[in-house]
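Notes to accompany the following structure.
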Protein chains: 2
Amino acid sequence: MCEDRQPRRKRDPTATRTALLRAAGELFAERGFGQTTVREVAARAEVNQALLFRYFGSKQELFAEVLSHNSEALLRSEPAAELPRRILESVLSEHTRSGAEHTLVALLRSLSDERAATLLRDELGGSYSDRLASLTDAPDAELRADLVLAWFFGVGMMRSVLRKSPLAEASPEVVVEYLMRAVPLLLERNASSGEE
Amino acid sequence: MCEDRQPRRKRDPTATRTALLRAAGELFAERGFGQTTVREVAARAEVNQALLFRYFGSKQELFAEVLSHNSEALLRSEPAAELPRRILESVLSEHTRSGAEHTLVALLRSLSDERAATLLRDELGGSYSDRLASLTDAPDAELRADLVLAWFFGVGMMRSVLRKSPLAEASPEVVVEYLMRAVPLLLERNASSGEE
DNA sequence: ACGACAAGTAAGCAACTGCTTACTATCCGA
DNA sequence: TCGGATAGTAAGCAGTTGCTTACTTGTCGT
């Protein structure tokens, strides 16, 4: 009777692909990997769900594609010394529309998922952690970087995912202020053999 | 033919209850709330899975019972000033058999689960966070406590759950050393109106 | 114009989930 | 001793999941 829906989507493979990618990015950020169903993704993309498997093979591969597709922008943007603050701000912001923020929150919401763990480990180890580690010349730079990253993610978890107050209600500026005051303690440039 | 199973468990309601509680504590710590099935819990407890619902009503109520049952020991044990180190050590230890450590790791592995979020929020807010907040007399003590707790949990996540190296391979002592050096920055006793 | 191939669709499978139900065996007080 | 309450059991329901399959429809080279 009343058809408010096109009887069939126009043939446009790249459009469907990116629509799926976009919907997946949003939903993974909202609910995490485990709580997101392929049916939801397909529905939000307004695409038949069988196409999800045609284009990406499996839910996990889709997740991998979302991660790698979005996180590059954040990593290679600006002066390296600003990276901690940038990461932290991305983790704190909940409703930004940019892909990078989506990715980080999706990551937070999927941290405890066995099926996503390998991907996340690679993503964190290969990108964020390495970049942070390059900020200091301490001998155990990578461990220090992990500790900083762990702090950012922990704060992001309790704030955006768990929504625990008062952290969830605090203004991002205050949180950033506190954290960035402590970070140089771990990521310092002139540890022992330093010259400025 | 070959029955290697007792035809029926001896009647012992309290034993079954604690067996379920124990098995649930272990499994929630190993896999988290979402990845643990009631069938697994019942199987490890060697108890018919219908009894799980007889004794606890639902999976969520079982989870709540596990949390509240175990976390008290950790909280009221010793001098308050040692609490941060204690919490941190509990989060870092992976294979301890004590209930408190189980609880914290279970908590970490369930952080991103919608169904467990409310319980965890209460548990964190009502217990750990309050106790940490009492360590400082800063006006925003609770926020500072949340930031410290977030760091501990973030480190626990990346180490025990995500198993990211080098953090996962680092010795607990080193990690504790780093963290406890920075914590007084947030939780100090003599902020402005302090007298020792 | 037409046929082959690719894009899109509807339906459903098989496994798994939390939870329930209808039942049987056991215990304890009368 | 016997009968009701209770602990324990087997089976299964209804819903959801990731993924597949058999099919229809649109597009493009020839």
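Per chain, numbering begins at 1; letters A, B, ... match sequence-line order.
Within 4.0 Å of B:T36, counting heavy atoms only, lie sugar-phosphate atoms of the nucleic acid but no base atom.
Rounded to a whole Å, the CZ atom of A:F56 is 13 Å from the P atom of C:dA7. Between A:L51 atom CG and C:dA10 atom P the separation is 11 Å, expressed in whole Å. Distance A:K59 NZ to D:dG18 P: 4 Å, rounded to the nearest Å. Distance B:R54 CZ to C:dT21 C1': 12 Å, rounded to the nearest Å. One atom, CG of A:D12, and another, C1' of C:dA7, lie 10 Å apart when rounded to the nearest Å. What separates CD of B:E61 from C1' of C:dG18 is a distance of 13 Å, to the nearest Å. The CZ-C1' distance, from B:F53 to D:dT9, rounds to 15 Å in whole Å. Spacing between atom CG of B:L52 and atom P of D:dA7 amounts to 15 Å, rounded to whole angstrom units.
In this structure, the side chains of B:V41 and B:L20 come closer than 4.5 Å at one or more pairs of heavy atoms. Using a 4.5 Å heavy-atom cutoff, the side chains of B:S112 and A:D113 are not in contact. Inter-residue side-chain proximity for A:M180 and A:R85 is flagged as met; some heavy-atom pair is nearer than 4.5 Å.
Side-chain atoms of A:S58 lie closest to D:dC19 of the nucleotides D:dC19, D:dG12, C:dT9. Closest approach to the B:A50 side chain among C:dC19, D:dT9, C:dG8 is made by D:dT9 (side chain taken as heavy atoms from C-beta onward).
B:R17 and B:E65 are joined by a salt bridge, as a carboxylate oxygen and a charged side-chain nitrogen come within less than 4.0 angstrom of each other. Salt bridge present: A:E30 and A:R44 bring a charged side-chain N and a carboxylate O closer than 4.0 Å.
Evaluation of the side-chain hydrogen bond (donor to acceptor under 3.5 Å, both in side chains) rule for A:E61 yields A:S58 as partners, not counting sequence neighbours.
Taking each heavy atom of B:A141 and B:A133 in turn, the nearest pair found is CB-O, 3.6 Å.
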Pairing string of DNA chain D (Watson-Crick or G-U wobble, both atom distances under 3.5 Å; | = paired to other strand) is ||||||||||||||||||||||||||||||

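Phosphate proximity of D:dG8 to B:Y55: present, with a side-chain N or O under 4.0 Å from OP1 or OP2.
Rounded to the nearest 0.5 angstrom, B:L186 CG and B:L147 CG are separated by 6.0 Å.
Along DNA chain C, the nucleotide closest to B:Q35 and the one closest to B:N48 are compared, and the more 5′ of them pairs with B:Q35. Along DNA chain D, the nucleotide closest to A:E40 and the one closest to A:G57 are compared, and the more 5′ of them pairs with A:E40.
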| task | Would you check, one step at a time, whether the test side chain to side chain contact (heavy atoms under 4.5 Å, CB included) holds for B:R163 with A:R121? | result | CA-CA 8 Å; B:R163 305 207 57 76; A:R121 209 166 14 233; 3.8 Å; yes

For nucleotides 13-16 of chain C, list the nitrogen or oxygen atoms of the protein found under 3.5 Å from its nitrogen or oxygen atoms, one pair per line.
none

